[in-house]
Colleague: 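This is the structure I have questions about; it appears just below.
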Amino acid sequence: MSQAMQLNRRFFLTAAAAAGGALSVNWTIPQAAAQGAAAGAEVNIWAVIHPDDTVVVRIARSEMGQGTLTGLAQLVADELDADWRYVKTEYVAPEANHANKRAWGDMSTGGSRGIRASVDYVRKGGATARAMLIQAAAAKWGVPAAECTASLSIVAHTSTGRRLRYGELAAEAAKLPAPADVKVKAPAEWKLIGRGVKRLDTADKLSGKLVYAIDVQLPGMLNAAVAQCPVFGGKLKSFDAAKIAGLKGVRKVVQIDDSTIAVVADKWYQAKTALAALPVVWDEGPNATVNSAQIDALLKTGLDAKEASLGQKQGDFAAAYTAAPKKFEAVYGTQFQNHATLEPMNCTAKWDNGAIEIWVGSQNGDASLAAASEAAGVKLDQVKVHKHHLGGGFGRRGQQDYVRQAVIVAKQFPGTPVKLIWSREEDMQHGFYRPITQCKLSAGFDAQGNVTALHARLSGQSILAHLAPQRMVNGVDPVAFQGWTAEEFGYQGIPNLLVDHAVRNTHVPVGFWRGVNTNQNAIFMECFVDELAHAAGKDPVEFRRALMTKNPKQLAVMNAAAEKAGWGTPLPKGVFRGIAQNTGFGSYTAAVAEVSVTPKGELKIHRIVCSSDCGYVVNPEQVAMQIEGSFVYGLSSVLSSKITIDKGRVQQGNFDDYEVMRLAAMPKVETVLVPSGGFWGGVGEPTIAVAGPAVLNAIFAATGKRIRSLPLGPNDLRSA
Amino acid sequence: MLKLNINGKIHDVDADADTPLLWVLREWVGLTGTKYGCGIAQCGACTVHIDGVATRSCSLPAGSVGAAKVVTIEGLSPDGLSHPVQVAWAQLDVPQCGYCQSGQIMAAASLLREKPRPTEAEVADAITNICRCGTYQRVKAAIDTAAALSAASPATGKA
C-alpha cells in the first residue's frame, strides 16, 4: 500500500486525548516505522510530517471506493495549510486505536458518516498541528506566534520575510504541548475543502499494484475455501474428509462451526475444487421448505395488520381518510438484494504464540479487531489488524462473519497464515440482504384535489431485529423509517399523516445495503405521490411543490433538478420524464430521468439530472462520482437484480442470475450541486433512493404502466 | 509443468493444465492485479490479453494457452501508468473501489487496439465488465480520451 501505508506502530501514550479531539497528546514513535521515506515527526495523531515536507494524514475510516480517504485528507490538510501536492495518507491500525482509548474516534464506515461524523475532530486535528508548527517557528525566530502565518506547508514571519518549511519545523513542533482550544477555519477561508482535487489512491488501481485483502501473499500461506449450510439456520451433519485427502495440495478439512466447513489447501483453487468434491450432508432444519411466495404472503399479512410500530404521526389520518371524498390506494413491493461486492468476502489470518494477526478489507476496523479477538479467544491487545482498501463494501463488510471464519481456521495452523476466500456463489448465498419490504399506501383528497391524508404502512423485515436487537427502540426499528422521519419527510404539508411498520421477519439474514431502507421507502413514496399527481390530473412537479411548502430545502433541491432537466419543455419523440426527491443520511436529493420504451418493452434511460444538497461539499468531483455510481447500484436493484428463496435457500448464485447494470445501460448522469451550507450531509448513499422512482415514474409517463412489484420483470413493459 | 509467456517472460508453472489461467497468474506466478470476481466469465475482473485479445482468464484452462502471449495489467505498460488507457483513466479519476478496474482497463486497451475510434455502440458491446461502484460513465469518457491520446501519439497504445 504505497498511497495508504498503514500505521502499525507502537504508541506510548503520555497524556490522554482531551474530549472532542483536542490534542493534548505526545507520542513517541520508533523511527524505523517510516516506510521508505525519511522518518517523519508526528506533530499530532492526525499528521506526520517528514523532512521532505511530505504530510501523512492518518485515516481511521475505511476506503471502499467512496472517496472518504481523499475527503478526510482534504479536511485535515486544509486546516493544516499543507501543500496538497505532498499529502499522503495512512490507515490507523485498529489495535493502535484500541490501545489509545480510541483517540482516532469511530472507525466504522457506513451510513454515509465517513466525512460528516469525523469532520469536527479531524479538522481540529489539522488546525492544532498547524498551530504547533507556527509556534515552533515563532520560538525559533523569537517572535510572537501571532506575527506568523502558514500557507502551503511553509510558516512565514510576515514582517521580516523569514520562512521555514513544515519539514524543517515538524520535529520541534512535535515536542510542543498542543494548544487546547484551536479554532477551525470559517468556510470562506477554506482552500482545499470544496475543491475537486483528484483522489489520492488512484495510481495503484490503474497498475494492478493495489493490494486488496484478497491479494495478500505471505510466506508459507495456505488457502481456505468455505461452504456454509445452503439453508439459513441449517447445520452441518456430516462430511467425509477421507474422500478428498489425496487431492493435490489439500491439507485439511476444518469444521468452522456447526454450519460451516472449510477445505484448506496450498492454493485456493485447489481448496475450492476439493471442497466441491467433498461429500457433505447438511441438516437443513426447519426452514428447508420456505420459498419466496410464502415470504411474500407473510408480508402481505402485515399490510392490514392491527399491530404495527409507529414511525411518524401528524393530525388524525383515520378521521381525515374516512371523511375524504376521494381516496386512492396502492401496494408496492421489493425483493431481497445482495451487496455483491466485486471482491468476494475474504480474510487472511495468522495464529502465532497466543496472538492473532489478520489482513482484511473491513468497513469497521474496531469491529474486526473485536471479532478476531473473540474468535481467537484472546484479549484485544493480542490482535493485529492490517486494513486493506475494500473491493466494494456497500454495507456488507460491516459484518465480521468472514473474519471469524478465517481466525478459526488459522488457529488450526499455528505459525502459518491462512487466506480464506468465499467463492462468488458463497458470497451470493450467504449475505446480509437488503430486507424484503412491501408497502400499502393510502391517500385521501378533498373536493379541491388536495391531499388531506396519507398513510404508508410498511410490512417487512427489520434490520435491527436481526443484527442489533439492542438498538431497537421500544420494539420499533427506526431504520425502517429512513427518509420518513419528521426531520426528513418532504411532504410535511400533508396535514394528516401516518407512517408505521408491521415487522415481518423471515429466516433470511438482512443487513445494511447502500442506501438501506431509503431505497424501498423512496420507491414507495415517490411512485405513489406520482400516482396521486396523476389521479389529481396535475403535473408531478407542480403537485409535489404544493406538498412541500413546509420543506424549503427539499423544494429547492427538487426545483434545481427540474430546472436543469428542463422539466416541462419538449423532449424528442418517444422520450418521457419522471421525477423523484428524497432526504436521507443528512442530505437532500432529487432526480429527473428521461426514458423511452419500445413496444417490445425495451427500456432505454437516456439522461438523468440529479441535484444534491449535502450542506458543505468537501470534493465536488467525488460527490459527482458517488451520484453517478448511485444510479448504477440503485437501478440494478430496480431493473434486474433480486434474491429469491426456494427450499429455504437463495436461488441465485452468480452474476448470470443476479443481473446487475452494465455499461451499455448506463445513462448520462448530470450532477447539479446546490449546497446550502451550514451542515455536513452524507454523500455515498442519499442519491441511490431517487434512482429507482425517477426512472419508474418516467416509465409510467412513457407507457402508462405502474410497476409496483420490483424489480421489473422481463415482460413488464411490453405493450404488444 | 506448464510453460507460459506472461508479460514477456517465460514462466514454468507447476499447476494442472485445467487450472484456470486466473489462478495460475494469481497463485502460482504471484501476479494479483488480475482479479477474481465470478469464476464464470461474467464480470470481467479477470480480463487479460491473449495475443492482444481481451480474454476472461477465470474460464480459460492454463494448459490451453500454449505459446500465446499473455499480458496482464502489470505488463500493460512499463511503469504501470503510461498506456493511453491508464493515462486517460488517471485524467478522469475513473476508479472508485478499483477492484474491477484492471479488467476494465485491459478490456478497453484491447478494444482500442482493434478499433482505434470506437463508436458508443461498439464500446457498449465490448465493455461488458461489471463495476458495482458504478464507474461506467467515466469508463466511457475515458475510452474516448484514450482514443484521442492514442491518435495524437500513435506509437503508444499497442500493448
Side-chain angles (χ1 to χ4, degrees), chain A residues 63-67 198-199 201-212 214-217 223 248 266-270 272 339-344 389-394 421 423-425 621 625-626 628-633 636 654-656 660-669, chain B residues 15-16 19-20 22-24 26-28 30-40 42-43 45 72-77 79-81 83 85-87 89-91 93-102 104-105 121 123-125 127-140:
Chain A
E63 177 58 46
M64 49 189 166
Q66 82 283 35
K198 289 202 172 144
R199 299 175 64 112
D201 54 348
T202 297
D204 286 354
K205 294 174 179 172
L206 306 181
S207 61
K209 283 186 194 141
L210 183 65
V211 177
Y212 299 87
I214 201 171
D215 302 325
V216 165
Q217 302 181 68
N223 288 269
K248 213 175 187 176
D266 293 344
K267 312 288 188 191
W268 187 77
Y269 186 73
Q270 295 167 334
K272 177 183 182 277
H339 301 82
T341 61
L342 204 56
E343 179 194 11
H389 285 349
L390 287 64
F394 311 118
I421 305 176
S423 67
R424 171 57 56 197
E425 288 76 12
E621 279 299 305
M625 285 181 210
Q626 289 308 296
E628 292 158 19
S630 290
F631 283 91
V632 176
Y633 208 70
S636 290
N654 209 314
F655 289 115
D656 54 345
V660 300
M661 189 191 270
R662 296 176 196 247
L663 180 142
M666 181 72 198
K668 183 182 170 208
V669 176
Chain B
D16 290 342
T19 307
L22 167 68
W23 295 103
V24 168
R26 290 181 57 83
E27 301 203 288
W28 275 266
L31 294 171
T32 56
T34 306
K35 303 302 184 195
Y36 167 61
C38 70
I40 58 166
Q42 273 287 323
C43 78
T72 70
I73 186 72
E74 290 91 344
L76 185 65
S77 62
D79 58 357
L81 296 169
H83 187 283
V85 171
Q86 290 167 319
V87 173
W89 248 246
Q91 276 181 18
D93 232 8
V94 173
Q96 289 186 26
C97 90
Y99 192 78
C100 73
Q101 296 294 328
S102 298
Q104 303 275 4
I105 288 168
V123 171
D125 278 351
I127 311 296
T128 57
N129 303 45
I130 290 173
C131 173
R132 291 293 278 154
C133 299
T135 60
Y136 301 131
Q137 175 148 315
R138 279 163 206 255
V139 167
K140 284 207 267 189

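Numbers restart at 1 for each chain; the letters A, B, ... are given by sequence-line order, proteins then strands.
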Colleague: Given side-chain contact (heavy atoms from CB on, under 4.5 Å), test A:His389 with A:Asp204 step by step and report yes or no.
Modeller: CA-CA 11 Å; A:His389 285 349; A:Asp204 286 354; over 6 Å; no
Colleague: When you measure from the side chain of B:Lys140 to the backbone N and O of A:Ala664, does any donor-acceptor pair fall under 3.5 Å?
Modeller: no
Colleague: Please evaluate residues A:Lys267 and B:Trp23 with respect to the criterion side-chain contact (heavy atoms from CB on, under 4.5 Å), reporting the C-alpha separation (whole Å), side-chain torsions for both, the decisive distance (0.1 Å), and the verdict.
Modeller: CA-CA 9 Å; A:Lys267 312 288 188 191; B:Trp23 295 103; over 6 Å; no
Colleague: Between B:Val85, B:Leu22, B:Asp93, B:Leu31, which shows the greatest number of heavy-atom pairs under 4.5 Å with chain A?
Modeller: B:Asp93
Colleague: Between B:Cys131 and chain A, with a heavy-atom cut-off of 4.5 Å, which part of the residue counts as in contact: side chain, backbone, both or neither?
Modeller: backbone
Colleague: Shorter than 4.5 Å, heavy atoms on both sides: which option in B:Cys38, B:Ala45, B:Ala15 has the most such pairs with chain A?
Modeller: B:Cys38
Colleague: So which part of B:Ile105 gets closer than 4.5 Å to some heavy atom of chain A, the side chain, the backbone, both or neither?
Modeller: side chain
Colleague: Picking from A:Gln270, A:Met666, A:Lys668, which has the most non-hydrogen pairs under 4.5 angstrom with chain B?
Modeller: A:Met666
Colleague: May I ask you to decide whether B:Arg138 forms a salt bridge with A:Glu621, counting only side-chain N to carboxylate O separations under 4.0 Å?
Modeller: yes
Colleague: Please report the C-alpha distance between B:Arg26 and A:Asp215 in whole Å, then the side-chain angles of each, then the deciding distance to 0.1 Å, and finally whether the salt bridge (Lys or Arg N to Asp or Glu O under 4.0 Å) criterion is met.
Modeller: CA-CA 8 Å; B:Arg26 290 181 57 83; A:Asp215 302 325; 2.9 Å; yes
Colleague: Given that the side chain runs from C-beta out, which part of B:Ala90 has a heavy atom under 4.5 Å from chain A: side chain, backbone, both or neither?
Modeller: both
Colleague: Checking A:Asp266 against chain B: side chain, backbone, both or neither under 4.5 Å from a heavy atom?
Modeller: neither
Colleague: Let me know if A:Ser636 has heavy atoms under 4.5 Å from chain B in its side chain, its backbone, both or neither.
Modeller: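 The answer is the side chain of A:Ser636.
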Colleague: Is chain B contacted by the side chain of A:Met625, its backbone, both, or neither, given a heavy-atom distance below 4.5 Å?
Modeller: both
Colleague: I want to check something: taking the side chain as every heavy atom from C-beta on, are A:Asp656 and B:Ile40 in contact at a cut-off of under 4.5 Å?
Modeller: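 Yes, side chains in contact.
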Colleague: Given that the side chain runs from C-beta out, which part of A:Leu206 has a heavy atom under 4.5 Å from chain B: side chain, backbone, both or neither?
Modeller: both
Colleague: Is A:Glu343 close to chain B through its backbone or its side chain, or both, or neither, when contacts mean heavy atoms under 4.5 Å?
Modeller: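 Both the backbone and the side chain of A:Glu343 come within 4.5 Å of chain B.
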Colleague: With only heavy atoms counted, which part of B:Thr135 is less than 4.5 Å from chain A, the side chain, the backbone, both or neither?
Modeller: neither
Colleague: B:Tyr36 vs A:Trp268 aromatic rings, parallel, tilted or perpendicular, using cut-offs 30° and 60°?
Modeller: tilted
Colleague: So do the side chains of B:Gln96 and A:Gln626 get within less than 4.5 Å of each other, counting heavy atoms only?
Modeller: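 B:Gln96 vs A:Gln626: side chains touch.
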Colleague: Given heavy-atom pairs under 4.5 angstrom as the criterion, report whether the side chain, backbone, both or neither of B:Asp79 touches chain A.
Modeller: backbone
Colleague: Testing the basics here: between A:Gly392 and B:Cys97, what is the closest heavy-atom pair and its distance to 0.1 Å?
Modeller: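 Between these two residues, the closest heavy atoms are N-SG, 3.4 Å.
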Colleague: With a 4.5 angstrom heavy-atom cut-off, which part of A:Phe631 approaches chain B: side chain, backbone, both or neither?
Modeller: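 Interface part for A:Phe631: neither.
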Colleague: Would A:Leu342 and B:Cys43 count as a side-chain contact (heavy atoms from CB on, under 4.5 Å) if you check the C-alpha gap in whole Å, the side-chain angles of each, and the deciding distance to 0.1 Å?
Modeller: CA-CA 8 Å; A:Leu342 204 56; B:Cys43 78; 4.0 Å; yes
Colleague: Against chain A, label B:Val123 side chain, backbone, both or neither, depending on which of its atoms sit under 4.5 Å from a heavy atom there.
Modeller: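 It is both, since atoms from each part get that close.
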Colleague: Using a cut-off of under 4.5 Å on heavy-atom pairs, state which of A:Glu63, A:His339, A:Gln66 scores highest against chain B.
Modeller: A:His339
